[in-house]
Novice: 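Pasting a structure below so you can have a look.
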Amino acid sequence: GDLRAAMQGYHDYHLNLDGGTGDPATDATPQDQVYNYVTGSSGQSAGASNIRAMRDLDYQGIEVNLFSFGLMGYGRATPTCGTGCGINPYGSGFGRLGGPLNRPAGNRVQILTSHGARWFQIRDSAQLAYNIDGTPGYQAADIYDNVNIVNNLYGYQFGSMLNYCLNQRVALNIGGKVGVYANDVDARRCVGTETATAYRFGDNSDLAKTDYSDIVLATLGQANVGLNCRITNAFSINGGYQVIGVSGIATAFDQMSQDFGTSAHPGGVHASDSLLLHGAYVGGTFNW
């Protein structure tokens with residue numbers, strides 16, 4: 001009935017619902033501001049009966065690391081004394097719970113360090129939809145503001161982990177990684193209906209449909225705490241809680257600026273956001 005859009009930039013966007021030029025001399029359907037279509041100020045629309053906000057985020061990555069086990073540990077573990085007899089600090093063979101080295105006699109602590117490369121991807125898409133055609137549900141003649149962002153982070157990371165042996169099979173792990181990355185960002189946005197694209201300030205050659213790419217500096221840090229349980233001399237399972245913080249990325253709603261009156265649409269890639277991801281994890285380790 002009386003819904004308003006928080007996007008003041010819609011005043012700068014004009015739309016002709018039938019896809020024409022909106023020029024009164026050549027088109028019977030006049031153009032109007034997107035904001036007026038949403039509020040019902042336009043004679044072509046009774047206003048938005050509903051407004052819908054949607055967002056979808058997806059994260060994935062691959063990392064390859066080289067580990068050093070030489071701090072506070074020595075000698076590979078071996079099953080020479082028989083299955084289930086514990087750790088032999090003087091043999092050689094498969095690894096133990098925290099890594100492939102035995103601990104020195106009487107010492108429960110081992111420190112691991114790592115160097116590696118990592119790819120981390122963040123895909124973020126959002127939509128603001130305005131039901132202006134008077135029909136229940138969202139149809140082709142309704143207005144949509146769509147944004148799709150892809151962040152691809154490529155870089156180097158350094159890590160360390162402290163293992164505290166609770167007994168011969170179970171260890172407490174506390175560790176983290178930090179890295180510097182080149183973030184290859186692709187940002188796309190489109191405002192309009194499914195059949196007509198909006199344009200700025202009445203210029204139908206300046207479409208509200210953009211595709212920007214840029215490479216920016218990003219950082220990623222990771223911290224985790226958990227338990228590692230050795231099942232066999234070669235295989236162990238682990239689980240715990242992990243936190244990942246990423247900065248220098250672009251997100252959908254940051255790209256969806258409220259006001260475009262002083263800049264192009266949307267003026268390039270805006271990659272100044274941060275995200276904090278956290279949750280439980282479970283995994284396995286095989287030493288050879």
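No hydrogens, no waters, no symmetry mates; every other heavy atom, side chains included, goes into these values. These numbers were taken from a predicted model, which means no experiment stands behind them. Here, residue 1 is the first one in the sequence, and each next residue gets the next number.
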Novice: How long is the straight-line distance from CZ of Phe67 back to CG of Asn65, given to the nearest 0.5 Å?
Specialist: 5.0 Å

Novice: Would Ile237 and Val282 count as a side chain to side chain contact (heavy atoms under 4.5 Å, CB included) here? Give the steps.
Specialist: CA-CA 8 Å; Ile237 59 174; Val282 63; 6.0 Å; no

Novice: What distance do Gln127 atom CD and Asn146 atom CG have between them, rounded to the nearest 0.5 Å?
Specialist: 4.5 Å

Novice: What orientation do His278 and Tyr241 show, parallel under 30°, tilted 30 to 60°, or perpendicular over 60°?
Specialist: tilted

Novice: Going through the distances and angles, do Asp32 and Tyr37 end up as a side chain to side chain contact (heavy atoms under 4.5 Å, CB included)?
Specialist: CA-CA 7 Å; Asp32 205 344; Tyr37 286 120; 3.9 Å; yes

Novice: Ion pair present between Asp145 and Arg189, side-chain N to carboxylate O less than 4.0 angstrom?
Specialist: yes

Novice: Do Tyr156 and Arg118 make a side-chain contact, defined as non-hydrogen atoms from C-beta onward lying under 4.5 Å apart?
Specialist: no

Novice: What's the verdict on side-chain hydrogen bond (donor to acceptor under 3.5 Å, both in side chains) for Asn152 and Gln121, showing C-alpha distance, side-chain angles and the deciding distance?
Specialist: CA-CA 5 Å; Asn152 282 298; Gln121 184 184 76; 2.9 Å; yes

Novice: In terms of hydrophobic clustering (I, L, V, M, F, W, Y; side-chain heavy atoms under 4.5 Å; direct or indirect links), are Val170 and Val109 co-clustered?
Specialist: yes

Novice: Is there a donor-acceptor contact under 3.5 Å from the side chain of Gln139 to the main chain of Pro136?
Specialist: yes

Novice: Are any non-hydrogen side-chain atoms of Asn183 and Asp214 less than 4.5 angstrom apart?
Specialist: no

Novice: Give me the atom names and distance for the closest heavy-atom approach of Ser247 to Ser274.
Specialist: CB-OG, 3.3 Å

Novice: For the side chain of Arg123 and the backbone of Val150, is there at least one donor-acceptor N/O pair under 3.5 Å apart?
Specialist: no

Novice: Show, in sequence, the C-alpha distance, side-chain angles and deciding distance for Thr285 and Asn238, and conclude whether the side chain to side chain contact (heavy atoms under 4.5 Å, CB included) test is met.
Specialist: CA-CA 8 Å; Thr285 302; Asn238 57 79; 3.4 Å; yes

Novice: Check the pair Thr197 / Val191 against side chain to side chain contact (heavy atoms under 4.5 Å, CB included), numbers first and verdict last.
Specialist: CA-CA 6 Å; Thr197 303; Val191 181; over 6 Å; no

Novice: Are Leu227 and Val225 joined in one hydrophobic group, where the rule is that I, L, V, M, F, W and Y side chains link up if heavy atoms are under 4.5 Å apart?
Specialist: yes

Novice: Are the side chains of Leu15 and Thr193 in touch, meaning some heavy atoms are under 4.5 Å apart?
Specialist: yes

Novice: First locate atom OH of Tyr164, then atom CG of Asn228, and finally report the distance between them rounded to the nearest 0.5 Å.
Specialist: 15.5 Å

Novice: What's the separation between atom OH in Tyr154 and atom OH in Tyr181, rounded to the nearest 0.5 Å?
Specialist: 13.0 Å

Novice: Determine whether Lys177 and Glu63 make a side-chain contact, defined as any pair of heavy atoms from C-beta on separated by less than 4.5 Å.
Specialist: yes

Novice: Roughly how far, to the nearest 0.5 Å, is the CD1 atom of Ile111 from the CG atom of Leu162?
Specialist: 5.5 Å

Novice: Would the distance check show the side chain of Asn36 and the main-chain N or O of Gly40 forming a donor-acceptor pair, the cut-off being under 3.5 Å?
Specialist: no

Novice: Quick check: Tyr35 with Tyr130 (ring centres under 6.0 Å apart)?
Specialist: no

Novice: Of all the heavy-atom pairs spanning Ile149 and Ala187, show the shortest one and how long it is.
Specialist: CD1-CB, 3.4 Å

Novice: List the atom of Phe158, the atom of Ser114, and the distance in Å for their closest heavy-atom pair.
Specialist: CD1-O, 3.3 Å

Novice: For Asn224 and Gly176, work out which heavy atoms get closest and say how close.
Specialist: OD1-N, 4.4 Å

Novice: Linking I/L/V/M/F/W/Y whenever any side-chain heavy atoms sit under 4.5 Å apart, do Leu3 and Val34 land together?
Specialist: yes

Novice: With sequence neighbours excluded, tell me which residues meet salt bridge (Lys or Arg N to Asp or Glu O under 4.0 Å) with Arg52.
Specialist: none

Novice: Any side-chain heavy atom of Arg188 within less than 4.5 Å of one from Asp186?
Specialist: yes

Novice: Taking the side chain from Asn151 and the backbone from Ala250, do they hold a donor-acceptor pair closer than 3.5 Å?
Specialist: yes

Novice: Hey, are the side chains of Gln157 and Gln222 touching, using non-hydrogen atoms and a 4.5 Å cut-off?
Specialist: no

Novice: Using a 3.5 Å distance criterion without hydrogens, assess whether the side chain of Asp124 forms a donor-acceptor pair with backbone atoms of Ala252.
Specialist: yes

Novice: So with a 6.0 Å cut-off around CD1 of Ile62, is the heavy-atom count from everything else above 12?
Specialist: no

Novice: Do Leu128 and Ile143 come within less than 4.5 Å of each other through their side chains, counting heavy atoms only?
Specialist: no

Novice: Under a 4.5 Å cut-off applied to non-hydrogen side-chain atoms, are Tyr10 and Gln33 in contact?
Specialist: no

Novice: Determine whether Ile51 and Ile132 fall in the same hydrophobic cluster, where Ile, Leu, Val, Met, Phe, Trp and Tyr are linked whenever their side-chain heavy atoms lie under 4.5 Å apart.
Specialist: yes

Novice: Do Gln31 and Asn16 have a side chain donor and acceptor closer than 3.5 Å?
Specialist: no

Novice: Search all heavy atoms of Gln242 against all heavy atoms of Tyr281 and return the closest pair with its distance.
Specialist: CB-CD2, 3.8 Å

Novice: Salt bridge check, Asp206 against Arg200: does any charged N sit closer than 4.0 Å to a carboxylate O?
Specialist: yes

Novice: To the nearest 0.5 Å, tell me how far Asp58 CG sits from Ser125 OG.
Specialist: 9.0 Å

Novice: Verify the cluster assignment for Tyr59 and Phe253: are they in a single hydrophobic cluster under the rule of side-chain heavy atoms below 4.5 Å apart?
Specialist: no

Novice: Is Gln255 reaching over with its side chain to a backbone N or O of His270, donor-acceptor style, under 3.5 angstrom?
Specialist: yes

Novice: At their closest point, which heavy atom of Gly137 faces which heavy atom of Asp142, and how far apart are they?
Specialist: O-OD2, 3.6 Å

